[in-house]
Amino acid sequence: MIKISNLEFGYTRHAVLEGIDMQLDEGCIYGLLGENGVGKTTLLKLISGLLKADRGEIEIGGLSPFSHSPLFLRNIYYVPEDFAAPEIPVEVFAKDYGVFYPHFDLAYFYELMRLFGVSPSSKFNRLSYGQQKKSVIAFALSLRTGVLLLDEPSNGLDIPSKSQLRRAISESSGPDRTIVVSTHQVRDLENLFDPVIILDNKGVLLNASVGEISEKLYFSVEKAMRPDALYCEPAVGGYSQVSVNTDNSESAVDIEMLFNAVLANRDRIKSIFNR
Ligand code: ADP
């Protein structure tokens, strides 16, 4: 479990995160959403111990990330959005660095490389951006760490690779594992996330399970625009819309519509979810 209390962080000239309080549980794949520059990468770096909080605390299994203790480091892996590719074969990289992680599963690494269609004997720096990305993700998933942080993993991937990525992340989740995936390309990975966290204006605007979202909000495509819609946009067959679920109707959560509805109704959403 990742416990974050009253977290504050800013770069030299401006505050990025303030008063962040949340608990991220095992067995979940969290979707960390937010507009560009809102602080998603910064939060992942704080959780992984690459940055030190100005105030507040982060605790993972009783350990503080910035302590950089071996016990902490072997249980967490952070895949940044961009990666400096070394001049060695991917499988050599995996074997050399995998030894630091007690649950590293080399057979699973090869299986994922096969799924992604990348040769493990290729040199990292000779691969395309998308192939490098898939190789790092295959390595990261095969480490089987308790915490896995993926920063914009679908960036630079083609459409078939995005669905392979969804499948691989979903298969790698487990009851002892917390996966956090940041993305601003909500559609790419939307059926993967539960819960969903939306960052906005230095804080957490929404942190809710898909079950809670569908209990409180109603997603529909209808011929006419609902007068009470929180958010609405033209779609095939009428208007795709999000409204408050007043009569316990069931609907499938559309994460992109949710994202737009939340950003268009910040205060209303806070009151709906904090009731
Ligand atoms: P996101 O991942 O949501 O796009 P980031 O966490 O990368 O956002 O950035 C949050 C804010 O912090 C942005 O305004 C960005 O310009 C700023 N920022 C990020 N990294 C640095 C840095 N190393 N030094 C100064 N400001 C930074």
Side-chain angles (χ1 to χ4, degrees), residues 1-4 22-32 41 43-53 57-116 118-124 127 132-153 164-182 192-195:
M1 183 213 291
I2 304 173
K3 214 170 153 207
I4 302 179
M22 59 183 170
Q23 187 175 304
L24 283 70
D25 295 321
E26 285 151 353
C28 298
I29 303 176
Y30 286 83
L32 180 62
T41 298
L43 181 60
L44 295 184
K45 285 185 177 172
L46 286 159
I47 295 174
S48 62
L50 289 170
L51 290 173
K52 188 174 186 294
E57 274 179 34
I58 303 177
E59 202 190 276
I60 303 178
L63 299 167
S64 157
F66 207 72
S67 69
H68 298 153
S69 75
L71 217 55
F72 173 82
L73 293 172
R74 66 186 201 176
N75 193 40
I76 187 163
Y77 197 75
Y78 165 62
V79 180
E81 187 176 355
D82 291 309
F83 170 80
E87 291 178 37
I88 51 172
V90 180
E91 60 191 341
V92 172
F93 173 90
K95 287 173 193 163
D96 283 359
Y97 290 92
V99 293
F100 295 108
Y101 298 85
H103 302 295
F104 173 51
D105 185 341
L106 184 63
Y108 188 48
F109 164 75
Y110 281 116
E111 192 185 317
L112 288 170
M113 291 296 282
R114 211 170 26 250
L115 169 75
F116 288 148
V118 184
S119 161
S121 59
S122 309
K123 281 196 172 173
F124 241 123
L127 295 171
Q132 287 180 11
K133 193 118 195 177
K134 289 192 274 189
S135 303
V136 183
I137 292 168
F139 172 65
L141 294 175
S142 63
L143 294 175
R144 300 201 189 279
T145 47
V147 177
L148 176 65
L149 311 170
L150 301 172
D151 200 351
E152 302 281 356
Q164 289 159 359
L165 176 69
R166 268 197 300 272
R167 202 177 119 197
I169 298 175
S170 154
E171 282 175 6
S172 306
S173 71
D176 302 329
R177 198 161 204 210
T178 309
I179 301 181
V180 186
V181 183
S182 91
L192 198 63
F193 303 142
D194 191 8

Next on the checklist: To check you understand the geometry: which heavy-atom pair defines the closest contact between Phe93 and Pro86, and what is its length?
Outcome noted: CD1-CG, 3.9 Å
Checklist entry - Do the non-hydrogen side-chain atoms of Glu57 and Ser64 ever get within less than 4.5 Å of each other? => result no
Checklist entry - Which distance, rounded to the nearest 0.5 Å, do you find between the OG of Ser122 and the CD1 of Ile88? => result 13.0 Å
Item to check | Non-hydrogen side-chain atoms of Ser135 and Met113 separated by less than 4.5 Å | outcome: yes
Checklist entry - Closest approach of Arg177 and Ser172, non-hydrogen atoms and distance? => result NH1-O, 3.0 Å
Checklist entry - Distance-only, no hydrogens or angles: does the Gln132 side chain make a donor-acceptor pair with backbone N or O of Leu127 under 3.5 Å? => result yes
Next on the checklist: Test side-chain contact (heavy atoms from CB on, under 4.5 Å) on Val90 and Phe109; report intermediate values, then the result.
Outcome noted: CA-CA 10 Å; Val90 180; Phe109 164 75; 3.7 Å; yes
Checklist entry - Yes or no on side-chain contact (heavy atoms from CB on, under 4.5 Å) for Tyr78 and Asp151, after CA distance, side-chain angles and deciding distance? => result CA-CA 8 Å; Tyr78 165 62; Asp151 200 351; 3.1 Å; yes
Item to check | Worked verdict on Ile76 versus Ile47 for side-chain contact (heavy atoms from CB on, under 4.5 Å) | outcome: CA-CA 9 Å; Ile76 187 163; Ile47 295 174; 4.3 Å; yes
Next on the checklist: Ignoring hydrogens, what is the shortest heavy-atom contact between Ala168 and Leu141? Give both atom names and the distance.
Outcome noted: CB-CD1, 3.7 Å
Checklist entry - Does Asn75 have any side chain to side chain contact (heavy atoms under 4.5 Å, CB included) partners at least two apart in sequence or in another chain, and if so, which? => result none
Checklist entry - Got more than 12 heavy atoms from elsewhere within 6.0 Å of CD, Glu171? => result yes
Next on the checklist: Tell me every residue that passes salt bridge (charged side-chain N to carboxylate O under 4.0 Å, His left out) with Arg166, counting only those two or more places apart in sequence or in another chain.
Outcome noted: none
Checklist entry - Is it the case that more than 12 heavy atoms not belonging to Lys52 sit under 6.0 Å from its NZ atom? => result no
Checklist entry - For Ser170 and Ile29, which heavy atoms make the closest approach, and how far apart are they? => result CA-CD1, 4.1 Å
Next on the checklist: side-chain contact (heavy atoms from CB on, under 4.5 Å), that's the test. Do Asp176 and His103 meet it? Break it down for me.
Outcome noted: CA-CA 12 Å; Asp176 302 329; His103 302 295; over 6 Å; no
Next on the checklist: If we ignore hydrogens and angles and just use 3.5 Å, is the side chain of Tyr77 paired with the main-chain N or O of Leu150 as donor and acceptor?
Outcome noted: no
Next on the checklist: Any non-hydrogen side-chain atom of Pro153 less than 4.5 Å from a side-chain atom of Val79?
Outcome noted: no
Item to check | Separation between CG of Leu63 and CD1 of Ile58, rounded to the nearest 0.5 Å | outcome: 13.0 Å
Item to check | Main-chain N/O of Glu152 paired with Ser182 side-chain donor or acceptor, under 3.5 Å | outcome: yes
Item to check | Minimum heavy-atom distance between Gln164 and Lys134, given as atom pair plus value | outcome: OE1-NZ, 4.2 Å
Next on the checklist: Just by distance, no angles: are the side chains of Tyr101 and Ser142 close enough, under 3.5 Å, to form a donor-acceptor pair?
Outcome noted: no
Checklist entry - In Å and rounded to the nearest 0.5 Å, what is the CD1 to CG distance from Ile169 to Leu148? => result 8.0 Å
Next on the checklist: Could you check whether any side-chain heavy atom of Ile4 comes within less than 4.5 Å of a side-chain heavy atom of Leu46, counting everything from C-beta outward?
Outcome noted: no
Checklist entry - Should Leu44 and Thr41 count as side-chain neighbours, where that means a heavy-atom distance under 4.5 Å? => result no
Checklist outcome for this item: Of all heavy-atom pairs linking Tyr30 and Gln23, the shortest is OH-O, 3.8 Å
Next on the checklist: Treating Thr178 as the side-chain partner and Asp25 as the backbone partner, does any N or O pair qualify as donor plus acceptor under 3.5 Å?
Outcome noted: yes
Next on the checklist: Tell me whether the rings of Phe124 and Phe83 are parallel (<30°), tilted (30 to 60°) or perpendicular (>60°).
Outcome noted: tilted
Item to check | Residue Tyr97 excluded, over 12 heavy atoms near OH under 6.0 Å | outcome: no
Checklist outcome for this item: The reported gap from OG1 in Thr145 to CG in Leu73 (rounded to nearest 0.5 angstrom) is 11.5 Å
Item to check | Contact check, side chains of Leu32 and Leu149, non-hydrogen atoms, under 4.5 Å | outcome: no
Item to check | Separation of Phe116 CZ from Glu111 CD (nearest 0.5 Å) | outcome: 11.0 Å
